[in-house]
Amino acid sequence: MRISFSILFITALSLGSCEEIIDIDLNTSEPALVARAEIIKDSTAMVKLTYTGSYFDTTRAGIEEAAMVSINDNPGRSEVLEYTGEGVYRGNIIRGKENSEYTLNIVTGDRSYSGRSYLNSKPEILQLEYEKLDIPHYTEETIYSLMTIIIDDPGNDNYYMLRYYRNGELMNDYYSIYSDRYLRADTIVYTDYRLDFYRTDTVKVELYAIDNGVYNYFNLVNDVLFSAMSSSTPFNPESNISGGILGYFMAASFDSDSIIIH
């Protein structure tokens, strides 16, 4: 199940420094600009700009085709991203580099937005393991949980996001995130018990090292997703992009590994 952010939060994505909460009327809100912006280690930047609609408007969300989008890195280089269609802007020059901070700037008409994100060192998956869950289930099939063993730096606070793929398909309809801020150890064993795995499944895990602002944002997104499921009042997550935009800007590095459940 994949949930549409533009309908669910009355908008979409956002993160954690330069924070601003935006209240939107469910019935009559004007379209709000939503950014999904990422720069991954060794890759160029990608930014997708869309607009939300009214909560009761079931038409396709609009896209922003005429923005000026640029990214800056630590040495002071700047690049204007190229529009490639469907609201997507892509870089060609600046690539994600470990231990570097990036600044994203977006200009649409007379509005400007800016956000920062730090690209941490590549995380490392030591190994993947699985175990049978010996508890009553809703199915006769044996269910397994997956353990991701992560090599961790106990000298710093580290923030992680994990994506799971079962037989080639992304599983999460929420964000698996973890912080070691209350733990000082050389390794971490992370298990997301909300995910079920079965015999013969091929499972791929992507482990992202993210910064504190991105972690805080996705933590709030999870709150929105789970509050919607429990019929609580939705709210708009705080963004690390200033200026009244919805969305997030994430610089990240990642490691991946796969396992077959026998």
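This is a predicted model, so every value here is computed, not measured.
One N or O on the side chain of R111 and one on the backbone of G243 form a donor-acceptor pair closer than 3.5 Å. At distances below 3.5 Å, not a single donor-acceptor pair connects side-chain atoms of D201 with backbone N or O atoms of V203. No side-chain donor-acceptor contact under 3.5 Å links E64 to the backbone of L49. Under a 3.5 Å cut-off, the side chain of T108 and the backbone N or O of A67 do not form any donor-acceptor pair.
The minimum heavy-atom distance between E206 and S256, with the atom names listed, is CG-CB, 4.1 Å. Contact between A66 and Y89 at its shortest, heavy atoms only, is N-OH, 3.3 Å. Minimum heavy-atom separation, A209 to S121: CB-O, 3.6 Å. Minimum interatomic distance between M161 and Y175 (heavy atoms only, all atoms of both residues): SD-CD2, 3.7 Å. In terms of heavy atoms, M250 sits closest to I210 at SD-CG2, 3.9 Å. Here the shortest heavy-atom pairing between G87 and I63 reads N-CD1, 3.7 Å.
With side-chain heavy atoms closer than 4.5 Å counting as contact, directly or through intermediates, the hydrophobic cluster containing M68 also holds V80, V107. With side-chain heavy atoms closer than 4.5 Å counting as contact, directly or through intermediates, the hydrophobic cluster containing L126 also holds M147, I149, I151, V189.
The cluster map of Ile, Leu, Val, Met, Phe, Trp and Tyr, joined by side-chain heavy atoms under 4.5 Å apart, puts L81 and Y83 in the same cluster. Linking ILVMFWY residues whenever their side-chain heavy atoms come closer than 4.5 Å, directly or via other members, places V205 and I261 in the same cluster. In terms of hydrophobic clustering, with Ile, Leu, Val, Met, Phe, Trp and Tyr side chains grouped at heavy-atom distances under 4.5 Å, M171 and I125 are assigned to a common cluster. Clustering ILVMFWY residues whenever any of their side-chain heavy atoms sit less than 4.5 angstrom apart, transitively, puts I177 in the very cluster that holds L195.
With values rounded to the nearest 0.5 angstrom, Y190 atom OH is found 8.5 Å from I150 atom CD1. The line from OG of S70 to CG of L104 is 7.0 Å long, rounded to the nearest 0.5 Å. Distance CG/L207 to CD1/I188: 9.0 Å, rounded to 0.5 Å. Taken from CG in N99 to NZ in K97, the straight-line distance is 9.0 Å, to the nearest 0.5 Å.
In summary, the aromatic rings of Y248 and F218 are positioned with their centroids under 6.0 Å apart.
When side chains are defined from C-beta on, I241 does not count as touching S114, because their heavy atoms never get closer than 4.5 Å. Put simply, the side chain of S253 does not reach to within 4.5 Å of the side chain of I40, judged on heavy atoms. Contact check for F197 versus S145: no side-chain heavy atoms found under the 4.5 Å cut-off. Contact of the N92 side chain with the T44 side chain is not registered, since no non-hydrogen atoms from C-beta on lie closer than 4.5 Å. With a 4.5 Å cut-off on side-chain heavy atoms, M46 and R90 count as touching. Between K41 and F254 there is no side-chain heavy-atom pair separated by less than 4.5 Å. Using a 4.5 Å heavy-atom cutoff, the side chains of Y51 and L33 are in contact. Looking at I259 and Y130, their side chains come closer than 4.5 Å, going by heavy atoms from C-beta outward.
For E124 and K122, the salt-bridge test fails: no basic side-chain N is under 4.0 Å from an acidic carboxylate O.
Applying the ring pair (Phe, Tyr, Trp, His ring centres under 6.0 Å) test to every pair with at least one member in residues 91-126, sequence neighbours left out, gives no pairs at all.
Y174 and D192 are linked by a side-chain donor-acceptor pair at a separation below 3.5 angstrom, with hydrogens and angles left out of the test. With hydrogens and angles left out, the side-chain atoms of T187 and D152 include no donor and acceptor closer than 3.5 Å. With 3.5 Å as the limit, one finds no donor-acceptor pair spanning the side chains of N219 and N222. There is a side-chain donor-acceptor pair under 3.5 Å between R199 and Y144.
The only member of V69, N72, I71 that meets side-chain contact (heavy atoms from CB on, under 4.5 Å) when paired with N105 is N72. A side-chain hydrogen bond (donor to acceptor under 3.5 Å, both in side chains) with N158 holds for exactly one of D211, N212, N120, D180; it is D180.
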Trace of the side chain to side chain contact (heavy atoms under 4.5 Å, CB included) decision for F249 with I39: CA-CA 8 Å; F249 172 41; I39 182 165; 4.1 Å; yes
Test side chain to side chain contact (heavy atoms under 4.5 Å, CB included) applied to T148 and T191, step by step: CA-CA 6 Å; T148 303; T191 302; over 6 Å; no
Side chain to side chain contact (heavy atoms under 4.5 Å, CB included) evaluation trace for Y159 with R181: CA-CA 8 Å; Y159 304 90; R181 67 181 77 177; 3.3 Å; yes
Working for side chain to side chain contact (heavy atoms under 4.5 Å, CB included), residues R166 and Y198: CA-CA 10 Å; R166 180 169 58 202; Y198 303 91; 3.8 Å; yes
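Taking the ring axis of Y165 as reference, the NZ or CZ atom of K204 stays within 45° of it and closer than 6.0 Å to the ring centre.
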